[in-house]
Amino acid sequence: GESVGLHLPTLSVQEGDNSIINCAYSNSASDYFIWYKQESGKGPQFIIDIRSNMDKRQGQRVTVLLNKTVKHLSLQIAATQPGDSAVYFCAENINDYKLSFGAGTTVTVRA
Amino acid sequence: ETGVTQTPRHLVMGMTNKKSLKCEQHLGHNAMYWYKQSAKKPLELMFVYNFKEQTENNSVPSRFSPECPNSSHLFLHLHTLQPEDSALYLCASSPPRTGGNQPQHFGDGTRLSIL
């Protein structure tokens, strides 16, 4: 079955506000996690990753937080823009080259 | 802009047709993947190739036949598909794992419709 899941299928956010997208995983042995963004008509695009020896990692306007105690992953987007409207997936490395994906959260940015 | 190119972008075929999907990566990666993406479902891994060798077949029906002639090219041969096979088929690639895990990079997919 699916080992990675997102808490909410949709998220509506006002332009300029911060967004938080959550993800729960079930495999405590997973050591690598990735967030992807998928816009309409395109494939998933890599946003940011984090290894299990870290709790937090920052990129440009994005931050990923990893809480291994409760097996929870989140993606924070600062100052959300219209171009951030997309489906966001978390993925968990379960072995070798194999990733397990969540179903995705659709983020809609209101002007 | 993607370093993984998939063709065709759209394909409509009958259940008795034979067609092939093509994927090409220009990133120097060694591993390539086929995924199926259906509406409201997580990405489903179908096949994994590492240095041209198939390392994963995720219980995919034999009407899907992958081919990896070299580390830059990946094909998915389709034959006698069913309506439930209509989906977006995504190709991905990733670099060697020496030094740790690396993210997979995706193409924009082939939208397949089975009549």
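Residue numbering restarts at 1 for every chain, and letters A, B, ... go by the order of the sequence lines. All of these numbers come straight from a predicted model, not from anything done at the bench.
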Taking atom CE of A:Met54 as the centre, report whether more than 12 heavy atoms of other residues, nucleotides or ligands fall under 6.0 Å from it. yes

Are more than 12 heavy atoms from other residues, nucleotides or ligands located less than 6.0 Å from atom NZ of A:Lys68? yes

Under a single-linkage definition using a 4.5 Å side-chain heavy-atom cutoff for Ile, Leu, Val, Met, Phe, Trp and Tyr, are [X] and [Y] assigned to the same hydrophobic cluster?
X	Y	answer
A:Val62	A:Val64	yes
A:Val13	A:Ile77	yes
B:Phe64	B:Met13	yes
B:Leu45	B:Val60	no
A:Ile50	A:Tyr88	yes

Pick one of side chain, backbone, both or neither for B:Arg9, based on which atoms fall under 4.5 Å of a heavy atom in chain A. side chain

Name the region of B:Gln37, side chain, backbone, both or neither, that has any atom closer than 4.5 Å to a heavy atom of chain A. side chain

Residue by residue, which of residues 39-48 of chain A have a heavy atom closer than 4.5 Å to a heavy atom belonging to chain B? A:Gly41, A:Lys42, A:Gly43, A:Pro44, A:Phe46

Give a yes or no on whether the backbone of A:Lys98 and the side-chain of B:Tyr33 come within a donor-acceptor separation of less than 3.5 Å. no

Would you say the side chain of A:Phe89 lies within less than 4.5 Å of the side chain of B:Pro42, judging by non-hydrogen atoms? no

Enter the distance from B:Glu44:CD to A:Phe101:CZ here, rounded to the nearest 0.5 Å. 12.0 Å

To the nearest 0.5 Å, what is the distance between CG on B:Asn101 and CD1 on A:Ile34? 7.5 Å

Sort by residue number and list every residue of residues 77-93 of chain B having at least one heavy atom under 4.5 Å from chain A. B:Leu88, B:Leu90

Highest number of heavy-atom pairs under 4.5 Å with chain B among A:Thr106, A:Asn93, A:Val87 belongs to A:Asn93

